[in-house]
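If you read the sequence from its start, that first residue is 1, and numbering goes on from there. As the structure lists them, so they are numbered: ligands from 1, and atoms in each ligand from 1. Only a predicted model underlies this, so the values are computations on that prediction, with no experimental measurement involved.
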Amino acid sequence: MRRHRIETDVAVIGAGSAGLAARAAASRAGARTLLIESGPYGTSCARVGCMPSKLLVAAARAAQQVREAGRFGLRASLEVDGAAVLARVRRERDRFVRAVIEGVRRIPERERLDGRARFVGPTTLEVDGATRVEARGVVIATGSTPALPGPLRPLGTRVLTSDTIFELERLPGSLAVLGAGATGLELGQALHRLGTRVRIFERADALGGLRDPEVRRSAHETLAAELPIQLETRTEIAVGGGGLIVRWEARDSHGEEAFERVLAATGRRPALADLDLAASGLELDEHGRPDVDPETLQCGTLPIFLAGDATGDRPVLHEAADEGRRAGRNAASYPEVERSPRLAPLFVVFSEPQIATVGAAASEIDGAAVGEASYADQGRARVDGRNAGLVRLCARREDRVLAGADLFGPDVEHAAHWLAWAVQERCRPSNLLTLPFYHPVVEEGIRTALRDLCKQLDGNVDDDEPRECRPGS
Ligand SMILES: Cc1cc2nc3c(=O)[nH]c(=O)nc-3n(C[C@H](O)[C@H](O)[C@H](O)COP(=O)(O)OP(=O)(O)OC[C@H]3O[C@@H](n4cnc5c(N)ncnc54)[C@H](O)[C@@H]3O)c2cc1C
């Protein structure tokens, strides 16, 4: 077979959110670039991740609002057309995918290559065995794939992952969800609200990435009042009952239940296995992963950079885009490599109420000060009939700077953003309290937590601050 040979400055493997950002940054820095993609264009975020999952959550939220209309004195009845719900998810999802593909098409054709890349030298790649790419630097942005536990593999198409669930033509009658992380909670609760019988099983004492045990307890209590969510539960799954039988065992109970399908929401693994990374000369750990400097994204001392889900760290879209930009810039400027501080950690789970974590966990800080507020009686949350949740914020005592937050409550996605900005800008809770809070909004609940945090830090807080108008205050 005749081999083609391409020379470039920066080769980017993977045209997902990280890879596209890396290519654009390297190109802006004046480098010749080559973007290599083995699968369909459109990014995991648009095709199987953020967007279809939020579309399903949006449909479920609409259904729930109809179901709960009675609490406002309204009479409404609900009929879920599952096929139509899934058709809308795919229709809107396809629009997002098309928009990404249009962007990719604007990249000159000579700067794109379709095929699977693998290393044959430190910065030499072979693509589909047919093209040799010689680059000065390489960005690996190959994303991640669902981690399917071994015992589930023989069960075939009855086992769904986030890669396959949005292709269903109808909603499953029943679904066992394995994993109570972001994917398990979002999809599990959404399908429950759309009429599927759902039970969520989680092996660890873990829920939506929450680190604070009090907030986790509050979240578990509220979410499990709506649908069964079993933590610290082991499962065994076998074919039977016209579908799958899940046998489960928790600390003080056990049982078995038949389900039509299982959703494996058991995490994702960096997609590095096919790259033949050993041929690059990088040192690899026992999982075949190289050591990455999180401030430069460089692997070891070679001109190889890693970005996005492929790093195995903070697998969310804004991190993928930020890492892609930094990796692309550094690959273009190598051997000069710029260090840049990481973003403040920010994660959101689109359950209802929502879950969010920001910055550091209190348990990571010596003698952290912690302030909290409950949403059980919070003014605006009560107005909307969504009064459940708990937020806990933490600060370091030595510099009195806000360090992190674990949030469970209505629409905490918004507060989580400005709390992350405050953590990154090293703001003090006392300064945040001098900023405007409109009334009545759910963010006033965060103000209550900030006031409590100031009390823990300083022993008092200026009590002339306007109070939230809520029952009992
Ligand atoms: C169900 C779900 C919901 C999510 N919801 C959210 C959310 O609400 N908010 C959020 O911020 N994040 C969310 N995420 C995470 C987010 O989607 C990812 O963090 C992000 O898409 C990762 O982008 P990436 O560029 O690293 O990977 P991808 O977009 O997966 O790109 C990797 C690309 O590399 C290609 N590739 C792999 N190997 C090779 C090779 N050898 N040669 C050539 N090409 C290769 C792949 O085909 C792929 O196109 C969600 C994820 C899932 C699964």
Checklist entry - Should Gln189 and Glu226 be marked as a side-chain hydrogen bond (donor to acceptor under 3.5 Å, both in side chains) after you check the CA-CA gap, both sets of side-chain angles, and the distance that decides it? => result CA-CA 8 Å; Gln189 188 189 51; Glu226 185 186 338; 3.2 Å; yes
Checklist entry - Could you walk me through whether Glu102 and Arg105 pass the salt bridge (charged side-chain N to carboxylate O under 4.0 Å, His left out) check? => result CA-CA 5 Å; Glu102 276 163 25; Arg105 287 213 183 104; over 6 Å; no
Next on the checklist: Would Gly308 count as being in polar contact with ligand 1, using the rule that some N or O on each side must be under 3.5 angstrom apart?
Outcome noted: no
Checklist outcome for this item: Counting heavy atoms under 4.0 Å, the part of Ala141 that contacts ligand 1 is backbone
Checklist entry - By number and element, which atoms of ligand 1 are closer than 4.0 Å to a non-hydrogen atom of Val48? => result 1 (C)
Checklist entry - Are Glu352 and Arg61 close enough for a salt bridge, meaning some N to O gap below 4.0 Å? => result yes
Next on the checklist: Only heavy atoms of Gly115, strictly under 4.0 Å: list the atoms of ligand 1 that pass.
Outcome noted: 42 (N), 43 (C)
Item to check | Electrostatic pair Glu323:Arg314 at N-O distance under 4.0 angstrom | outcome: no
Checklist entry - Which protein heavy atom lies closest to atom 11 (O) of ligand 1, and at what distance to 0.1 Å? => result Leu317 N, 2.8 Å
Item to check | Basic-acidic side-chain contact under 4.0 Å: Glu167, Arg93 | outcome: yes
Checklist entry - Hey, is ligand 1 close enough to Arg47 that some N/O pair sits below 3.5 Å? => result no
Next on the checklist: If the cut-off is 4.0 Å to any non-hydrogen atom of Ile13, which atoms of ligand 1 fall inside it?
Outcome noted: 40 (C), 42 (N), 43 (C)
Checklist entry - Just by modelled atom types, is the Val441 backbone N or O under 3.5 Å from a matching donor or acceptor in the Gln378 side chain? => result yes
Item to check | Side chain, backbone, both or neither: Ala18 near ligand 1, heavy atoms under 4.0 Å | outcome: both
Checklist entry - What do you reckon, does Ser17 have a nitrogen or oxygen under 3.5 Å from a nitrogen or oxygen of ligand 1? => result yes
Checklist entry - Counting each atom of ligand 1 from 1 as listed, which ones have a heavy atom of Gly143 under 4.0 Å away? => result 26 (O), 27 (O), 30 (O), 32 (C)
Checklist entry - Which residue supplies the protein heavy atom nearest to atom 21 (O) of ligand 1, what is that atom called, and how far is it? => result Cys45 N, 3.4 Å
Checklist entry - Which heavy atom of the protein is the closest neighbour of atom 45 (C) of ligand 1, given with residue, atom name and distance? => result Ser38 OG, 3.2 Å
Item to check | Minimum-distance protein heavy atom relative to atom 38 (N) of ligand 1 | outcome: Thr142 CG2, 3.3 Å
Checklist outcome for this item: Nearest non-hydrogen protein atom to atom 30 (O) of ligand 1, with distance, is Ser44 OG, 2.5 Å
Checklist outcome for this item: If you scan protein heavy atoms around atom 17 (O) of ligand 1, the nearest is Cys50 SG, 3.4 Å
Checklist entry - Where do Arg197 and Glu260 land on the salt bridge (charged side-chain N to carboxylate O under 4.0 Å, His left out) test, with the steps shown first? => result CA-CA 10 Å; Arg197 171 169 57 80; Glu260 189 183 319; over 6 Å; no
Checklist entry - Asp274 near ligand 1, heavy-atom distance under 4.0 Å? => result no
Checklist entry - Can you say whether the rings of Trp248 and Phe201 are parallel (under 30°), tilted (30 to 60°) or perpendicular (over 60°)? => result tilted
Checklist entry - Within less than 4.0 angstrom of ligand 1, does Tyr41 place any heavy atom? => result no
Checklist entry - Cation over ring, Arg199 on Phe259, under 6.0 Å and within 45°? => result no
Checklist entry - With a cut-off of 4.0 Å, which atoms of ligand 1 are near a heavy atom of Ser162? => result 1 (C), 53 (C)
Checklist entry - Among the heavy atoms of Ala271, does any lie under 4.0 Å from an atom of ligand 1? => result no
Checklist entry - Against heavy atoms of Pro315, which atoms of ligand 1 measure under 4.0 Å? => result 15 (C), 19 (O)
Item to check | Atoms in ligand 1 flagged as close to Arg116, the criterion being non-hydrogen separation under 4.0 Å | outcome: 38 (N), 39 (C), 40 (C), 41 (N), 42 (N)
Next on the checklist: For Val127, which part has a heavy atom under 4.0 Å from ligand 1: side chain, backbone, both, or neither?
Outcome noted: neither
Item to check | Enclosure of Arg234 CZ (heavy-atom neighbours >12, cutoff 6.0 Å) | outcome: no
Item to check | Any N/O pair Ala320/ligand 1 closer than 3.5 Å | outcome: no
Checklist outcome for this item: atom 46 (C) of ligand 1 sits nearest the protein heavy atom Glu37 OE2, 3.3 Å
Checklist entry - Does Pro146 have a heavy atom less than 4.0 Å from any atom of ligand 1? => result no
Item to check | Contact atoms of ligand 1, heavy-atom distance to Ile36 under 4.0 Å | outcome: 43 (C), 44 (N)
Item to check | Nearest non-hydrogen protein atom, atom 41 (N) of ligand 1 | outcome: Ala117 O, 3.1 Å
Next on the checklist: So that I can tick it off, tell me whether Arg116 and Asp274 are bridged by a salt bridge, with the cut-off set at under 4.0 angstrom between side-chain N and carboxylate O.
Outcome noted: yes
Checklist entry - Taking the side chain as C-beta and beyond, is there a heavy-atom pair between Ile446 and Leu407 under 4.5 Å? => result yes
Item to check | From CG (Leu432) to CG (Leu402), nearest 0.5 Å | outcome: 6.5 Å
Item to check | Any Arg268 heavy atom less than 4.0 Å from ligand 1 | outcome: yes
Checklist entry - Of the options Leu346, Asp212, Asp406, which is the one that meets Thr357 in a side chain to side chain contact (heavy atoms under 4.5 Å, CB included)? => result Asp406
Item to check | Any N or O of Lys54 closer than 3.5 Å to N or O of ligand 1 | outcome: yes
Item to check | Under-4.0 Å salt bridge between Asp322 and Arg326 | outcome: yes
Identify all side-chain donor-acceptor contacts of residues 151-161 below 3.5 Å with residues at least two apart in sequence or on another chain.
unit_1: Arg153; atom_1: NE; unit_2: Leu148; atom_2: O; d: 3.3
unit_1: Arg153; atom_1: NH2; unit_2: Leu148; atom_2: O; d: 2.8
unit_1: Thr161; atom_1: OG1; unit_2: Asp163; atom_2: N; d: 3.1

Next on the checklist: On a heavy-atom basis, which atom in Asp309 and which in Arg268 lie closest, and how many Å separate them?
Outcome noted: OD2-NE, 4.2 Å
Item to check | Test of proximity, Asp309 against ligand 1: N or O pairs below 3.5 Å | outcome: yes
